> 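I'd like to ask some things about the structure below.
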Protein chains: 2
Amino acid sequence: MPEGTKRTVRDLRRGNRSVLLRSLYFDGPLSRQELSRRTGLSAASVSNVVAELIEGGLVVEAGTVESDGGRPRVLLRSARDYGRLVGVDVGETRVIVELFDLHLSRLAKADLPLGDGGHDVQAVVGHIRAGLRTVIAEAGDGPGIIGIGVGVPGVVERTPEAVVHSQTIGWDAVPLEQMLAECTDLPLFVENGATALGQAEMWFGAGRGCRSAVVALIGSGVGACVVTDGTPYRGATGSAGEWGHTTAQVGGARCRCGARGCLEAYVGAGAVLRRYHAAGGARAEDADEESALARVLADPAPAARDVLEETATYLGAGIADLINLFNPEKIIIGGWAGLMLGGRILGRVRAAAAEYALRRPFAQTSIELCHLGPEAVAVGAATLPLARLLDRGGVPTGPSRAPVVDGRPGLGLSRLPG
Amino acid sequence: MPEGTKRTVRDLRRGNRSVLLRSLYFDGPLSRQELSRRTGLSAASVSNVVAELIEGGLVVEAGTVESDGGRPRVLLRSARDYGRLVGVDVGETRVIVELFDLHLSRLAKADLPLGDGGHDVQAVVGHIRAGLRTVIAEAGDGPGIIGIGVGVPGVVERTPEAVVHSQTIGWDAVPLEQMLAECTDLPLFVENGATALGQAEMWFGAGRGCRSAVVALIGSGVGACVVTDGTPYRGATGSAGEWGHTTAQVGGARCRCGARGCLEAYVGAGAVLRRYHAAGGARAEDADEESALARVLADPAPAARDVLEETATYLGAGIADLINLFNPEKIIIGGWAGLMLGGRILGRVRAAAAEYALRRPFAQTSIELCHLGPEAVAVGAATLPLARLLDRGGVPTGPSRAPVVDGRPGLGLSRLPG
DNA sequence: ACTGCTTAGATCACGCCATGAATTAAGGCG
DNA sequence: CGCCTTAATTCATGGCGTGATCTAAGCAGT
């Protein structure tokens with residue numbers, strides 16, 4: 001089991017650039033002093049590296065702070081305008097393209113509903129391309145684009161180019177990355193949407209400051225993003241975290257995946273509605289799942305309460321499984337249905353989890369709701385190119401696909417027909 | 001989320017020493033040429049680092065191999081006699097202490113049954129101390145001891161000294177590391193026994209060459225060692241991998257942990273026997289669990305077959321959960337009951353897993369039996385100090401507790417009363 | 001025995017790195 | 001205006017990996 005490779009003296013610099021840049025990005029503004037203290041790097045090295053980062057435009061000075069009569073400390077922060085990021089959310093019914101600055105403030109948004117063509121790949125690629133043009137036009141002139149993150153509702157396999165498999169939208173081994181690469185020279189990052197959302201939640205939401213957490217996402221489907229050691233866990237072939245299809249009941253209810261007793265068949269939005277109707281709850285033919293679930297939550301009838309109680313039990317047991325297997329610092333419940341249910345039955349879910357989990361790991365975790373809401377997939381997607389930027393300490397090293405102008409990221413839309 | 005720290009130019013060397021040492025340990029013997037090719041290091045660096053490793057006694061030359069008329073390649077391999085390793089298996093009924101050379105060949109063994117005192121901590125510490133004396137005496141003179149690995153049947157929390165919690169043997173926050181440190185100056189490594197066993201299986205058993213796998217261990221209890229990216233996953237507080245207490249049946253059979261429907265309550269050895277007896281299987285009062293289970297496996301009666309069939313279904317569903325959540329390259333079934341059951345119903349377990357797991361991740365994994373057997377906990381424990389040796393490239397850097405004589409590990413038994 | 005020839009491995013000069021010590025910058029205060 | 005305090009930079013030093021160059025060690029043919 002070899003391969004834990006670091007090699008040349010240059011990687012060292014990259015690593016240190018990365019450490020400093022991350023500190024400033026997530027905990028800034030900070031003085032050079034404070035950076036030295038936090039990272040353990042000598043003041044000399046901090047000075048050198050920071051000078052490089054400022055030279056490169058990644059970091060800017062941001063005021064000073066006094067220091068008991070001595071020379072004031074200069075505060076540093078990551079440059080919001082170093083470059084921009086694109087996040088794409090390929091959803092089940094629409095494609096959303098958003099443009100962000102480096103601090104993930106949204107600059108522009110394009111919402112493109114998928115028509116009758118459904119999830120025809122060419123249509124999706126077309127939508128993404130159109131959305132790109134729209135947001136760039138809408139945002140006007142500005143810094144170049146670092147990269148494009150794309151969140152998709154399926155498993156992303158790297159071969160090494162991203163290939164997407166998705167039962168829900170009927171994609172089988174779609175070479176999305178390659179197809180998108182024909183539209184743009186910008187670096188592309190294709191990732192599972194739930195994973196992207198989980199990363200956003202870890203960086204800016206309920207998971208801030210955690211090294212390990214499980215983001216449990218409940219919508220029509222049920223999934224999870226497992227974060228270990230600060231980064232989402234992908235598994236050998238990218239399909240880790242399929243929590244919705246773990247077995248809550250051996251030989252139980254039939255799930256749409258074909259198996260029996262999957263958790264999704266008990267706590268997914270559709271499953272909750274089905275049980276509600278089976279228990280005599282009024283059926284609202286015209287409503288979509290979301291308003292139908294809202295109606296269940298608002299129904300004061302005992303039958304509705306029983307359905308919710310049962311849902312809490314199954315959800316708690318499912319969460320207990322996550323606690324027992326992953327021993328995370330936090331469990332973060334999200335997804336549109338998760339947030340709706342959570343607002344109502346979180347206490348009972350916690351109680352059920354306490355019942356089904358082992359005492360110690362349960363006591364050492366906390367169960368909370370997502371902060372960012374289910375719309376944040378595009379934000380999560382945009383964190384993907386940002387993550388690489390931070391990892392590399394800002395240097396677009398090697399044979400990157402990123403166009404570079406004056407050492408800064410360029411627009412790279414040469415092949416994007418206007 | 002900062003902290004991905006590497007710092008000085010010296011760490012670089014350590015990293016490269018580590019890479020080369022690991023290559024030689026796991027894939028040796030190799031020539032310098034081959035090392036250069038595999039690690040990507042320049043021939044010059046390989047020469048330098050190898051010279052250091054030879055100087056330090058970690059690596060030795062081992063013959064030559066011809067090369068089409070040119071100068072022959074000199075083969076290198078890790079030195080079996082650089083130092084010795086101690087592995088301790090604190091089991092439920094006994095303490096086993098074993099002494100190994102660096103290639104994990106056993107040099108001596110001491111088996112110390114736990115008397116009526118049960119798992120009194122002082123008794124266990126005394127046994128370990130006695131075992132140490134025994135194996136050192138039995139093996140006679142030889143290279144120094146690198147460190148002592150201890151596998152315990154419970155959760156190991158690092159605070160940062162290892163503290164052990166174990167329901168099964170009634171340990172609550174036992175500061176085992178600190179207590180053992182009073183007997184010896186040798187570096188100590190306390191770890192969960194299942195985790196240690198899993199690491200052994202990954203290094204020398206069914207997991208050889210894998211980066212990710214789940215070692216599923218079934219005995220009286222049920223647990224798992226999850227290996228991601230080559231190293232066992234511990235979770236935030238060391239209790240990850242509690243597979244036995246994930247829920248197979250919400251509201252199902254009562255488990256000894258207090259919850260309902262735990263997997264362990266269906267596939268643990270005791271659970272299988274209970275179902276067998278409930279189905280009318282003959283009860284053998286005098287026999288231990290192991291022979292009782294053997295009798296079930298040998299019983300040709302339909303009732304016994306049904307029990308096994310049901311066990312296969314639950315086990316398959318449980319394994320499917322592991323596949324869906326972790327997406328590992330391999331599932332490795334071990335533990336004494338796991339191996340017994342596996343020999344008989346592996347096919348049916350595979351079939352059940354196929355039914356309950358998602359198609360893609362199931363197709364990309366394989367389900368196999370452990371190679372090393374359940375006795376290998378001591379081997380696994382011995383891999384713990386070895387792992388650190390390999391990680392550090394052999395240098396006992398910093399304020400190590402390891403006594404060093406002439407740059408080599410010493411015996412460090414000064415405080416071990418003879 | 002000797003001469004090329006071929007390949008493995010060692011040595012050397014170079015450029016890059018982080019660091020502690022020394023030096024310079026920048027403010028407050030009497 | 002000079003002194004003190006603290007922040008930041010600069011400098012000399014020792015490590016490191018690397019490509020180029022050099023030495024070592026075998027073989028084939030004469």
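Computed from a predicted model, the values in this text were never measured in an experiment. Quick note on labels: first sequence line is chain A, next is B, and so on, each numbered from 1.
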> Looking at A/Val60, is its backbone amide N or carbonyl O close enough to the side chain of A/Arg77 to form a donor-acceptor pair, meaning the two atoms are under 3.5 Å apart?
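The answer is no, because no donor-acceptor pair under 3.5 Å joins these two groups.
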> If you round to the nearest 0.5 Å, how far is OH of A/Tyr25 from CG of A/Leu389?
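A/Leu389 atom CG to A/Tyr25 atom OH measures 9.5 Å (nearest 0.5 Å).
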> Look only at the side chain of B/Glu201 and the backbone of B/Ala206, and say whether a donor-acceptor pair between them is shorter than 3.5 Å.
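Checked: pair present.
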> Quick one: B/Arg14 CZ to C/dA18 C1', roughly how many Å, whole number?
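Value for this atom pair: 15 Å.
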> So, A/Asp391 and A/Arg14, do they make that salt bridge, N to O below 4.0 Å?
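A/Arg14 and A/Asp391: not salt-bridged.
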> Hey, does the side chain of A/Ser42 come within less than 4.0 Å of C/dA18's phosphate (OP1/OP2), counting only N and O?
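No.
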> Please report, rounded to the nearest Å, how far the P atom of C/dC29 is from the CD atom of A/Glu66.
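Going from CD in A/Glu66 over to P in C/dC29 covers 9 Å.
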> Tell me the bend of the helix from C/dA1-D/dT30 to C/dG30-D/dC1 as the angle between end helix axes, each from five pairs, rounded to the nearest 10 degrees.
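Helix axis angle between the two ends: 20°.
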> In terms of relative ring orientation, are A/Phe26 and A/Phe204 parallel, tilted or perpendicular, with 30° and 60° separating the classes?
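If you compare the ring of A/Phe26 with that of A/Phe204, the planes turn out tilted.
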> For the CG atom of B/Asp27 and the CG atom of B/Leu24, what is their distance to the nearest 0.5 Å?
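So the CG of B/Asp27 and the CG of B/Leu24 are separated by 8.5 Å.
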> Is B/Glu66 salt-bridged to B/Arg73, cutoff N-O under 4.0 Å?
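The answer is no: the pair does not qualify as a salt bridge.
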> Pick the closest DNA chain C nucleotide for A/Val49 and for A/Thr64 by heavy atoms, then say which residue is nearer the 5' end.
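Per heavy-atom nearest nucleotide, the more 5' residue is A/Val49.
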> Using a 4.0 Å heavy-atom cut-off, write out nucleotides 5-16 of chain D from 5' to 3' as B (base contacted by protein), S (sugar-phosphate only) or - (no contact).
BBBSBB----SS
> Can you tell me how far the CG atom of A/Asp11 sits from the CG atom of B/Leu12, to the nearest 0.5 Å?
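Atom-to-atom, A/Asp11:CG and B/Leu12:CG are 7.5 Å apart.
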> What is the distance, rounded to the nearest whole Å, between atom CZ of A/Arg17 and atom P of C/dA18?
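After rounding, the gap between these two atoms is 11 Å.
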